Number of protein chains: 2
Amino acid sequence: MQNKTYHHGDLRNALILEAIVMLHEKGIGGLSLRELARRLGVGHNAPYRHFKNKQQLLEAVAATGFRRLKAHNIRLELELADDPESQLFESGVAILNMAMEQPELFRLMFGGYLSLGKCGPELKEEAHASIESLVKIISLAQQQDIFARGDVMRQTLAAMSMVQGLAMMASSGMLRDNVTGDEQQFKRLALQVYDILLMGLKKR
Amino acid sequence: MQNKTYHHGDLRNALILEAIVMLHEKGIGGLSLRELARRLGVGHNAPYRHFKNKQQLLEAVAATGFRRLKAHNIRLELELADDPESQLFESGVAILNMAMEQPELFRLMFGGYLSLGKCGPELKEEAHASIESLVKIISLAQQQDIFARGDVMRQTLAAMSMVQGLAMMASSGMLRDNVTGDEQQFKRLALQVYDILLMGLKKR
DNA sequence: ACCTGAACACCGTTCAAGT
DNA sequence: ACCTGAACACCGTTCAAGT
């Protein structure tokens, strides 16, 4: 309220939030800086005061998505303190939910739009933190002799791949048409898929 | 040679092939119908004789990608006739290779650009065939008591998810930066990841 | 089954000049 | 830290009229 210097005051955040809305309505291809500016009632070049170009805005949106997942994971960690198996499972469910409820945001985050080699430090940091969180869970599971001892990174990579791949198929509708007609039925199927992952990770 | 009616003769296929080249050079966002036409020396609206719009061209390109994978899988089936475990493994390696050698084509096929609910019959058929091929392999593995008996579709979904997710991470460079620096080392890691999948599928 | 050429509404991005 | 307004080069898509 204090800093409403000219017209808007917090355009940067407003751009990110409205971009998430517009992403959901029109998809990644349908998101344009010009319409974004129009929706917020600012000039078509105002966004350039906060982002060097469209790519940088997309990175900031993706980083916001990762932050939301992180917040959810922190809550999980508190609730399921010493149960890494449930932590892994529930963090996978969270990604699956995001993929079904905000498919376009999910695709922006995990669909390879951001090369992550050329992206800015903000997104890089959030993505890295997201991986670190998984590494921690899996290390814990190994220490508790729930998962087979071994290369932590290998197991982390397996878990990320399975969850990410399943969520991508869910978000792109590859399942509702070819595998099953019922969305509820699909979710049950998805949860069984996680079991196969856990089976591959557990001690035998 | 016979049907070079006016200028080109086989514009439809030329468009698809050049689109794959351009995809590789400029990414999905950089592919435009107008430049495609320019590259082939035809008018900027000539593509509309063969595709209703850009989306339909992209679908045809993706379908071509699926056909290539299918051709590879058929070769595998002959070489590894009664070894479903190797068949599954090698078909996964093929997708991983595609993701690393033609990342943009891979993203077009698996990145959710095509809703598969609203796409034309050609792509739908190829994608469906690609799934069917996996179902066959996994059924065989169950019959030979290599994989645990159970819902074939569940195991198929798990296999597709793992392979697709791993390949997506490979193609978007999420790994070379955060996990390991060496590309060769990554490939070794990837092969170990498949082992975790197989572990989850096998009889215990 | 292609061509040329114009047209429309929309982009991303960059100016210059204002408050 | 925003505005207006013009400008540039590029799109996807649709015409009309040709061969």
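A, B, ... follow the sequence lines: proteins, then strands. Residue 1 opens every chain. These numbers come from the heavy atoms of this one structure, side chains and all, not from hydrogens, waters or symmetry mates. Since the structure is predicted, the reported quantities are computational estimates derived from the model, not experimental observations.
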Task: Intra- and interstrand pairs of DNA chain C - dot-bracket, Watson-Crick/G-U under 3.5 Å, | marks other strand - done: ||.|||||...|||||.||

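Side chain of A:Leu11, nearest nucleotide from D:dC11, D:dC2, C:dC11: D:dC2.
Pairs engaging residues 26-39 of chain A under the side chain to side chain donor-acceptor pair (under 3.5 Å) rule: A:Glu18-A:Arg39, A:Glu25-A:Arg39, A:Lys26-A:Glu35, A:Glu35-A:Arg39 [sequence neighbours left out]. A side chain to side chain donor-acceptor pair (under 3.5 Å) check over residues 93-103 of chain A, counting only residues at least two apart or in different chains, returns the pairs A:Asn97-A:Lys187. Listed by first then second residue, pairs satisfying ring pair (Phe, Tyr, Trp, His ring centres under 6.0 Å) with a partner in residues 69-119 of chain A read A:Phe66-A:Phe110, A:Phe89-A:Tyr194, A:Phe106-A:Phe110, A:Tyr113-B:Tyr113, not counting sequence neighbours. The salt bridge (charged side-chain N to carboxylate O under 4.0 Å, His left out) contacts involving residues 40-61 of chain B comprise nothing, where partners must be two or more places apart or lie in separate chains.
Projected onto DNA chain D by closest heavy-atom contact, B:Arg49 and A:Arg49 fall at different nucleotides, the more 5' of which corresponds to A:Arg49. Between A:Leu31 and B:Ala46, the one whose closest nucleotide on DNA chain C sits nearer the 5' end is B:Ala46.
The closest side-chain heavy-atom distance from B:Leu36 to B:Leu57 is below 4.5 Å. Residues B:Leu69 and B:Glu126 are not in side-chain contact: their nearest non-hydrogen atoms beyond the backbone lie 4.5 Å or more apart. Between B:Leu134 and B:Leu88, the closest side-chain pair of non-hydrogen atoms falls below 4.5 Å.
Put simply, CG on B:Leu15 is 12 Å from P on D:dG12, counting in whole angstrom units. Distance B:Leu36 CG to D:dC11 C1': 13 Å, rounded to the nearest Å. In this structure, CG of A:Asn13 is placed 14 Å from P of D:dA1, rounded to the nearest angstrom. Between B:Glu35 atom CD and C:dC11 atom C1' there is a gap of 16 Å when expressed in whole angstrom units.
Within a 6.0 Å sphere centred on CD of A:Glu132, other residues, nucleotides and ligands contribute more than 12 heavy atoms.
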Output one line per pair: protein atom, nucleotide atom from nucleotides 13-15 of chain D, and distance, for all N/O pairs under 3.5 Å.
unit_1 : atom_1 : unit_2  : atom_2 : d
D:dT13 : OP2    : B:Tyr48 : OH     : 2.9
D:dT13 : OP2    : B:Lys54 : N      : 3.0
D:dT13 : O5'    : B:Tyr48 : OH     : 3.3
D:dT13 : O4     : B:Arg34 : NH1    : 3.0
D:dC15 : N4     : B:Asn45 : ND2    : 3.1

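Across C:dC2 and D:dA17, the matching P atoms stand 22 Å from one another, rounded to whole Å.
Looking at every heavy atom in both residues, B:Gly30 comes nearest to B:Met22 through O-CE, 3.4 Å.
The shortest distance between the side-chain N/O atoms of A:Arg38 and the OP1/OP2 oxygens of C:dC10 is not below 4.0 Å.
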